[in-house]
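Below is one structure, written out as structure tokens; comments come after it.
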Amino acid sequence: GQQVMQIPQYQHVQEGEDFTTYCNSSTTLSNIQWYKQRPGGHPVFLIQLVKSGEVKKQKRLTFQFGEAKKNSSLHITATQTTDVGTYFCAGGGYQKVTFGIGTKLQVIP
Amino acid sequence: DTAVSQTPKYLVTQMGNDKSIKCEQNLGHDTMYWYKQDSKKFLKIMFSYNNKELIINETVPNRFSPKSPDKAHLNLHINSLELGDSAVYFCASSQRGIGYTEAFFGQGTRLTVV
């Protein structure tokens, strides 16, 4: 079945440093979504990318979808303590997506 | 108003018991899901319903039975609970299939089987 790999699983950064998480699929994805889950919370949708090579920005967050639509990344510039949480990518078709294992981000003040 | 609400939030029960988790969404979405999140935070889809019809049924023991009385509700009944069923169960909904639009997740039900 569809596999979506995500690295790293854990990342500790000093506040103000940048952070990147990567998502890779063995097969071409129709789309990729990113979600954030705060500790003790539920996944919250951040963005969806559909087009090959697409780049989208949300304030300090930059999302990319690879040219081959097999990989994606989320980059956070100048992390803040409010960025703490687990970031999941989710990719696949239109009726079903497979979630990556998630990257747990800790921000040290 | 909570968009996707599930009850209860916490559930502690003994092995062998039967329990249900309820989910309701007030977003008018057509598709609803149950996800299981294990202790390592891995999110795995269990079931997906579209307009009350089952469209995805992953490899889940048949002790788990979803029921959708209408498109705003998707309940999960679990028979003969086992220790390995301990996890957080999330209900979610989306306007169409999850790949088309964002999914909204409920607050989760933390199930502990002792």
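Every chain is numbered from 1 and lettered A, B, ... according to where its sequence line falls, protein lines coming before strand lines. These values consider heavy atoms only, across backbone and side chains, with no hydrogens, waters or symmetry-generated copies.
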**Asked** Looking at A/Gly100, A/Gly102, A/Pro43, A/Ala90, which has the largest count of heavy-atom pairs under 4.5 Å with chain B?
**Response**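 Ranked by heavy-atom pairs under 4.5 Å with chain B, first place is A/Pro43.
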
Would a single hydrophobic cluster contain both [Y] and [X], if residues Ile, Leu, Val, Met, Phe, Trp and Tyr are joined by side-chain heavy-atom contacts under 4.5 Å?
{"X": "A/Phe45", "Y": "B/Ile45", "answer": "yes"}
{"X": "A/Leu46", "Y": "A/Val84", "answer": "yes"}
{"X": "B/Phe90", "Y": "B/Met32", "answer": "no"}
{"X": "B/Val88", "Y": "B/Phe42", "answer": "no"}
{"X": "A/Val44", "Y": "A/Ile101", "answer": "no"}

**For B/Asp70, all residues meeting side-chain contact (heavy atoms from CB on, under 4.5 Å), sequence neighbours excluded** =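 Result, side-chain contact (heavy atoms from CB on, under 4.5 Å) vs B/Asp70: B/Lys52, B/Ala72, B/His73.
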
**Message:** Under 4.5 Å from any heavy atom of chain A, what part of B/Ile56 do you find: side chain, backbone, both or neither?
**Reply:**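 Just its side chain gets close to chain A.
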
Candidate polar pairs, chain B side and chain A side, donor-acceptor under 3.5 Å:
| unit_1 | atom_1 | unit_2 | atom_2 | d |
| --- | --- | --- | --- | --- |
| B/Gln37 | OE1 | A/Gln37 | NE2 | 3.0 |
| B/Gln37 | NE2 | A/Gln37 | OE1 | 2.9 |
| B/Glu58 | OE1 | A/Lys96 | NZ | 3.1 |
| B/Glu58 | OE2 | A/Lys96 | NZ | 3.0 |
| B/Ile98 | N | A/Tyr94 | O | 3.4 |
| B/Ile98 | O | A/Gln33 | NE2 | 2.7 |
| B/Gly99 | N | A/Tyr94 | O | 3.0 |
| B/Gly99 | O | A/Asn31 | ND2 | 3.2 |
| B/Gly99 | O | A/Gln48 | NE2 | 3.3 |
| B/Tyr100 | O | A/Gln48 | NE2 | 3.3 |
| B/Thr101 | O | A/Gln33 | NE2 | 3.3 |
| B/Ala103 | N | A/Tyr35 | OH | 3.1 |

**Asked** If you count heavy-atom pairs under 4.5 Å between each of B/Ala92, B/Gly106, B/Gly108 and chain A, which one has the most?
**Response**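 Of the options given, most contacts go to B/Gly106.
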
